[in-house]
Amino acid sequence: MDSPVATNTRRVELIAAFDARFSDFDAMAGSPVAWDQKYDHIGRGSFDGRIAQVVLNTMQVGRVTYRPGIMQRGCAPPGSWVIALPVAVEGTLHLRGRQVAIGQPLLVGPCDDMAFTANGAAGLAIAAIPVEQIERWMWIRRGGNGLARRYLDRAWTVSEGEIARRGATVLRLLTALLQGAQEGIHQDTLELIEGALVDTVLGMVPSSEVAEPLHRRARTALKLRDMLLDNVETPMSVGAMCESLGVRERTLFLSCLEAFGRPPKRLLLELRLNAARRALTHPEAERTVTTVASRFGFLHFGHFSAEYFRQFGELPSATLNRSLGSGSLVTAVHSQSDGLNWRTGAVSN
């Protein structure tokens, strides 16, 4: 069999670079070049996120941070594996139905749903490397083939110190690329940085010999997520969830807790609140808080406003008025109609 080394003689080129901060999780999810993903806001408080991304013709590298947390779905750049190193975690991380162990990198294959949840503030150093680039590296360094899809769910770990060291290296190289994008970078330097990035990230990937398929609870959790997202306008009871998925309540509870760090009812509530926020952020026919609340099954408007405030750090009327370009006086008036005292945040009778 011929070596793939000779098939890749491309010149390394810097295509795009940016470093931006976001207060809207949907805007942040849509910002990375060539990614197709969506976020849902997990946890309580206003959202604060940041992405730094550099796109080369041979790979991508970046850093993402967010607070309080997200549930992420969708795909990475086509034909690329994603390897992410947790560099700052204040909660638990969950990937494809399983909790990520301390010292475990995150690995997602081409075209696969990331199915990632950060159950709290987190920061990741991320590399997205095309399959052919990985095959080339694996052949040169290890004399074997690249990663295979069936190895995706193998739980492999490295030491915490190693994760920290490699994560710091990736971020340092990312900073050099961002600076080079602004000031200009010599071709030789660009190629050295790209080579160092690939070595740093792929150098910790073990030889893939044994695969471990997603266990039953992980599959149940991913089916639950998709089912809840399809039914945010018609909230389901736990009994209905169990009946639809064909599992017992304890299995459902454990599956959801392992995959997302929260029980099914809380996950459903947060997904409904996310859907309501999107409707308020992009109002069409629905131009009142009560209409949006009713659409997503919130029949007690005071409770809806209180949960919304705890989740996003602002009243639903504030979200809507900002979207409509309303003034502060209108915001204050509508906040009272939310069922909250707009000065204290307390639920009114």
Side-chain angles (χ1 to χ4, degrees), residues 4 7-20 22 25-40 49-66 70-87 93 95-96 100 105-118 122-138 145-153 166-167 170-171 173-178 180-181 190-191 193-205 208:
T7 66
N8 188 346
T9 57
R10 288 182 299 173
R11 174 187 175 93
V12 179
E13 298 176 0
L14 198 158
I15 297 173
F18 75 91
D19 187 352
F22 300 87
F25 49 93
D26 283 330
M28 180 170 168
S31 65
V33 178
W35 290 63
D36 180 13
Q37 60 181 347
K38 293 183 179 179
Y39 289 173
D40 280 289
R50 182 177 179 181
I51 289 183
Q53 182 190 25
V54 172
V55 181
L56 306 176
N57 62 325
T58 55
M59 66 176 296
Q60 290 191 13
V61 62
R63 176 175 185 168
V64 295
T65 60
Y66 24 71
I70 61 163
M71 185 172 76
Q72 182 183 20
R73 59 193 192 277
C75 299
S80 296
W81 283 83
V82 175
I83 302 172
L85 307 178
V87 293
L93 304 181
L95 181 70
R96 295 178 57 78
V100 178
L106 285 62
L107 181 67
V108 179
C111 302
D112 283 304
D113 182 358
M114 287 173 282
F116 170 69
T117 300
L124 303 173
I126 296 175
I129 309 178
V131 171
E132 61 270 19
Q133 177 80 339
I134 295 176
E135 290 178 344
R136 179 177 185 272
W137 189 93
M138 288 288 184
N145 296 325
L147 300 175
R149 182 177 300 278
R150 64 183 182 276
Y151 302 139
L152 178 63
D153 299 303
R166 291 181 183 267
V170 171
L171 296 181
L173 295 170
L174 171 64
T175 300
L177 286 174
L178 289 169
L190 182 61
E191 292 181 358
I193 293 176
E194 188 260 6
L197 281 167
V198 175
D199 287 345
T200 300
V201 174
L202 294 184
M204 65 182 172
V205 178
S208 298

Under the salt bridge (charged side-chain N to carboxylate O under 4.0 Å, His left out) rule, collect the residues that match up with Asp36, sequence neighbours excluded.
none
Side-chain ([X]) to main-chain ([Y]) donor-acceptor, under 3.5 angstrom:
X      : Y      : result
Arg166 : Thr200 : yes
Gln53  : Gly62  : no
Asp40  : Met71  : no
Asn57  : Ile15  : no

Distance, nearest 0.5 Å, that separates [atom1] of [X] from [atom2] of [Y]:
X      : Y      : atom1 : atom2 : answer
Thr175 : Arg63  : OG1   : CZ    : 8.5 Å
Tyr66  : Met28  : OH    : CE    : 7.0 Å
Phe25  : Ile70  : CZ    : CD1   : 10.5 Å
Met204 : Leu85  : CE    : CG    : 4.0 Å
Leu174 : Ile193 : CG    : CD1   : 10.0 Å

Might you work through the side-chain contact (heavy atoms from CB on, under 4.5 Å) test for Leu202 and Ile83, ending with a clear yes or no?
CA-CA 8 Å; Leu202 294 184; Ile83 302 172; 3.7 Å; yes
Would you say [X] and [Y] make side-chain contact, with heavy atoms under 4.5 Å?
X      : Y      : result
Leu173 : Val61  : no
Met59  : Val201 : no
Leu106 : Val82  : no
Phe116 : Leu95  : yes

Between Leu56 and Leu190, is the side-chain contact (heavy atoms from CB on, under 4.5 Å) condition met? List the steps.
CA-CA 10 Å; Leu56 306 176; Leu190 182 61; 4.0 Å; yes
Might you point out which heavy atoms bring [X] and [Y] nearest each other, and give the distance in Å?
X      : Y      : result
Gly123 : Thr65  : CA-CG2, 3.8 Å
Val108 : Asp113 : CG1-O, 4.4 Å
Ala128 : Trp35  : CB-CZ2, 4.2 Å
Arg96  : Met114 : CG-O, 3.6 Å
Leu124 : Pro86  : CD2-CA, 3.6 Å
Ala16  : Val33  : CB-CG2, 4.5 Å

Test log, rule salt bridge (charged side-chain N to carboxylate O under 4.0 Å, His left out), inputs Asp26 and Lys38
CA-CA 7 Å; Asp26 283 330; Lys38 293 183 179 179; over 6 Å; no
From the list Pro110, Cys75, Cys111, Pro130, side-chain contact (heavy atoms from CB on, under 4.5 Å) with Ser80 holds only for Pro130
Identify, with sequence neighbours excluded, every residue that meets side chain to side chain donor-acceptor pair (under 3.5 Å) alongside Glu194.
Thr58, Gln133
